[in-house]
There are 2 protein chains.
Amino acid sequence: MPKSSQLRPDRPATINDVAERSGVAASTVSRALSNPGRVSQHTRLRIEQAAAELNYVPSSQARALSSGKTGAVALLVPDITNPFYFGIIRGTQLQLKAAGYTQLLVDTEESEDVEASALESLRRTADGVILAAARLDDEALVQAARHTPLVTINRSVPGIPTVHIDTPGAIGQALNHLVSLGHTTVAYVSGPATSWSNARRWTAFNDDAKGLGIKVIRIGPFAPKTTSGAAAADATVHSGATACVVFNDLIAIGMLQRLRERGIRVPDELSIVGCDDIFGADFCNPPLTTLTSPIEQAGRVATTMLLERIKAPLSASFRKLASLPTHLTIRNSTGTAPTPAKTKD
Amino acid sequence: MPKSSQLRPDRPATINDVAERSGVAASTVSRALSNPGRVSQHTRLRIEQAAAELNYVPSSQARALSSGKTGAVALLVPDITNPFYFGIIRGTQLQLKAAGYTQLLVDTEESEDVEASALESLRRTADGVILAAARLDDEALVQAARHTPLVTINRSVPGIPTVHIDTPGAIGQALNHLVSLGHTTVAYVSGPATSWSNARRWTAFNDDAKGLGIKVIRIGPFAPKTTSGAAAADATVHSGATACVVFNDLIAIGMLQRLRERGIRVPDELSIVGCDDIFGADFCNPPLTTLTSPIEQAGRVATTMLLERIKAPLSASFRKLASLPTHLTIRNSTGTAPTPAKTKD
DNA sequence: AGACTGAATGCAACCGTTTGCCAAAAATTG
DNA sequence: CAATTTTTGGCAAACGGTTGCATTCAGTCT
C-alpha cells in the first residue's frame, strides 16, 4: 500500500526521512544521490526507491550552505520592459533549465547603484551572474568578477568573458544599402550615453560613413524607449538628413509613429534603419529595415560560457569572447533618397 | 585606516566576523539586525558599524535553513516570449523588489508537467508562488496551495486568491462597438483549448452576442502566437463573418499580417478586435482596436496579495479576489461593415 | 536590605546537506 | 589462509544563520 501521502504530516521529506526509510545513514543517501559511483548498486536502488516514494526533493538552501553551490544563476537586465531583453531572458532561461539551474531575474532599472548592490548580494545567492548591458564601470566589474563568475553581454571588460552581438560589424551593410539608394547625408540617432553598445555603434557608423564619403550627423542621446521616438524624429527631420540609422528598434518604432502623425512619409521622405530586429519590427508601419541580432542565441551562448566556467573554475582554457554576427534585414522603411525639391542652398 | 579590504581574505563576511569585531555573541548580532528592539541601543550601534565596515550581507540560504523564509517569490509563466507576460513579469518584479524579495522566474512552456514539478521543487525555494495562467487542474492547484502560498492570475480556483483581468466584462463593449458599425455576423477566434481565459472570453462573447441578436461563429482553437494568425485569418475570412474578436493581440497581429499579404483590407473588408493591448498593438498596421488590460497592475496586485498572505499566514481576512477592469481602445482595425456586394444566397 | 522584575546578552541546539576521515566488510593477492 | 587492497557505509563536523532558554546585572518594590 502506498502510504506516501500518509507519511507526510506536513513538511517535505528530508534526507533523514529517506535514510530512515531505506535503513542507511543520511550521508549514504547524500552520496547515492549526488555521487552514485560511491555506493553499491544495491543500496543505491533502495535509496532511490525510498526517495521516490517519499517524493524527496533536496533542499537547495541546505545544499548551498554546505557545498557553496546554489544552483541558481542571476540575470541582470537594465530594463525589463525592453523587448530586446526578452530574447536574452528567454535564451538564458532555456539553457539554464536544461542544465538544471534556476534563473534569478533582476531588473537594475538602468541604475549603477542597483546593479552594484545586486552584484554584491547575489554573491551568496547565485553561482554566477549574466550581465546584460552592464552600466557599471570596468573596475567595479573586474572587482565583482573576482568573487563571482561573470559573463557580460554587449559589454566588454578586460578579463571578463563576453558575448558580443556584432551590430557594429553590420553597420557598413546598412550604410551601403543607404548609399546605393542615393542617400548622401545620414544621421545616427544615439541611444543612452552610458551604453557601451551605443558607443560602439556610433564609432562604426562614423568610420564606415567616412569610408563611403557620406556626410554624417549625430543626434541624441535618447532613452531606449518608443516614447523617445517623437523627439528623435523631429530632430532627425530638422537635421536635413535623408536617412538615419537608429540606435535601436524601440526608438525607431517611436520615430515611425511620430513621422506618421506629422504626415512625413517613410521611406519617401526619410529612410530609417533600426538595430536589433525586436518583436514588432516586422509588423510596424512600415515594417522596419533593421540590423537583425541573434538575441536569444546571445542568451544561450552567455549561459553556456558561464556554466562552463562555473563547472571548471580553474581551467584557463575558456572562451573569453563570442561574437555573434548580425545582418541587414531590408523591409520597407528604407527607400530611394528624395530628389531635392527645394533645399536651402 | 580602513582595513575593510585587508580583512577580506576571500570570502564574504559572516555573522561571526561581525560578532567578533564588535565583541558580542553571534546571536546578539542576529538580533540586532533583525529585531532591533531586542538589544540595547549602544550595542546595536556598535554592531551596525562593524557590519557596515565588514560589508556584511546575511546569507539568505542560511537564513532560509533556520527560519524557513527564503525571501524569494517565484513567478510561473506559460510562455516567456509572449509580450503579455512581460507586463506581469515587470509588475511583480517591481513590487517584489520594493518589499525586499527576490524574483524567481520560471517558464513552464505551456506544460502541465513542468508546472507541477516546478511547484513541487519551489516548495523549499520560494516563500510563495504567483501563477500566471495556470494550466494545471484545480485539484493539483489546491493541493499545492496547501503547502505554498499561492496567487493565480487569470485563473480562478476555489480557495485560492486570484487576480482577475476582467476582459470578459468588456467584451460587451467590443460587441456594441461592432454592432454600431453595422456588423451582424461576428466571429470569435479562440485561443488555446486549455486556457481558462479563453473559455471565459468565449462564454462572455457568446452571451453578449445573443443579447444583441447577432450571429456568432467560433473559430479555432489557435496557439497564442503571431504565427497562428495566418490560419486564423484564413478561417475567419472563409467563415463569412465581417468582424471578429480575437483571443489575444498576438494572434490578431498575425492575422493582420496575413490579411495584408492576401490583399484583404482591414477594416474595410474585415474588422478585428484584439484582447490585452500588448506592446505592438498600437503600432501595427493598422493599429489594433483592442480590449486594454492593466497587465502590469495585475502583476503588482498579485504580488501584494501574496506578500500579505506570506506575512500573516493565519489571518482569514484576505482579499481572495481582485478583479481589474478592462476597456475598449478603439484604433483603426475596426470600421463599418462592408455592404454585401454579392453573397452566396 | 532582601526578594523580585525585567532588560540585555550569551549558550547551544537546530535547520538539511555535504564531505573528510575512519572502520568494517569484501575482494584480491601471494 | 593470512596479508593487503578496495569497496562500502557511518560518524561527526562544518556551512551561517535563528531562537528558546538560561544567565547576569541593574533597578524596583515592600
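Lettering of chains follows the sequences in order, A, B, ..., and the numbering in each one begins at 1. Only this structure's heavy atoms are used, side chains among them; waters, hydrogens and symmetry mates stay out.
- Between its two ends, the helix from dA1(C)-dT30(D) to dG30(C)-dC1(D) turns its axis by 40°, counting five pairs per end and rounding to 10 degrees.
- The salt bridge (Lys or Arg N to Asp or Glu O under 4.0 Å) test with R135(A) is passed by exactly one of E112(A), E115(A), E110(A): E110(A).
- V57(A) comes within 4.0 angstrom of the backbone, heavy atoms only, and of no base.
- Counting to the nearest Å, the C1' atom of dG16(C) and the CZ atom of R63(A) are 10 Å from each other.
- The shortest non-hydrogen separation linking P161(B) to M305(B) is CB-CE, 3.7 Å.
- One interatomic measurement links the two molecules: CZ of R124(B) to C1' of dG16(C), which rounds to 7 Å at whole-angstrom precision.
- Atom CD of Q61(A) and atom P of dT18(C) are 13 Å apart (whole Å).
- Between the CD1 atom of I15(A) and the P atom of dA14(D) there is a distance of 19 Å, rounded to whole Å.
- Look at CZ on R46(A): it is 8 Å from P on dG9(D), rounded to the nearest Å.
- Across all their heavy atoms, D107(B) and V114(B) have their closest contact at O-CG1, 4.1 Å.
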Using a cut-off of under 3.5 Å, enumerate the N/O to N/O pairs linking the protein to nucleotides 19-27 of chain C.
residue, atom, partner, partner atom, Å
dG20(C), O6, R31(A), NH1, 3.2

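- Of the side-chain N and O atoms in S40(B), one or more sit less than 4.0 angstrom from OP1 or OP2 of dT9(C).
- Counting any heavy atom pair closer than 4.0 Å across all strands shown, V24(B) reaches sugar-phosphate atoms only and no base atom.
- The CG atom of N16(B) sits 7 Å away from the P atom of dG17(D) (whole-angstrom rounding).
- At whole-Å resolution of the value, CG in L65(A) and P in dG16(D) are 7 Å apart.
- Considering all non-hydrogen atoms of both residues, I15(A) and Y56(A) come closest at N-CE1, 3.5 Å.
- Within the structure, side chain to side chain donor-acceptor pair (under 3.5 Å) contacts touching residues 60-72 of chain A (residues at least two apart or in different chains) are T70(A)-D127(A).
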**OP:** Could you give me the CA-CA distance, side-chain angles and deciding distance for T152(B) and T162(B), then say whether side chain to side chain donor-acceptor pair (under 3.5 Å) is met?
**Re:** CA-CA 5 Å; T152(B) 55; T162(B) 296; 2.9 Å; yes
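- Between T43(A) and dT8(D) there is no side-chain polar atom (N or O) within less than 4.0 angstrom of OP1 or OP2.
- Atoms CD (Q41(A)) and C1' (dG9(D)) sit 17 Å apart, rounded to a whole Å.
- If you check every strand for non-hydrogen atoms under 4.0 Å, A25(B) touches sugar and phosphate atoms only.
- Here the shortest heavy-atom pairing between A144(A) and L150(A) reads CB-CD2, 4.4 Å.
- Within a 6.0 Å radius of CD in E20(B), other residues, nucleotides and ligands contribute 12 heavy atoms or fewer.
- Contact detail for P36(A) and R44(A): the closest heavy-atom pair is CB-CD, 3.8 Å.
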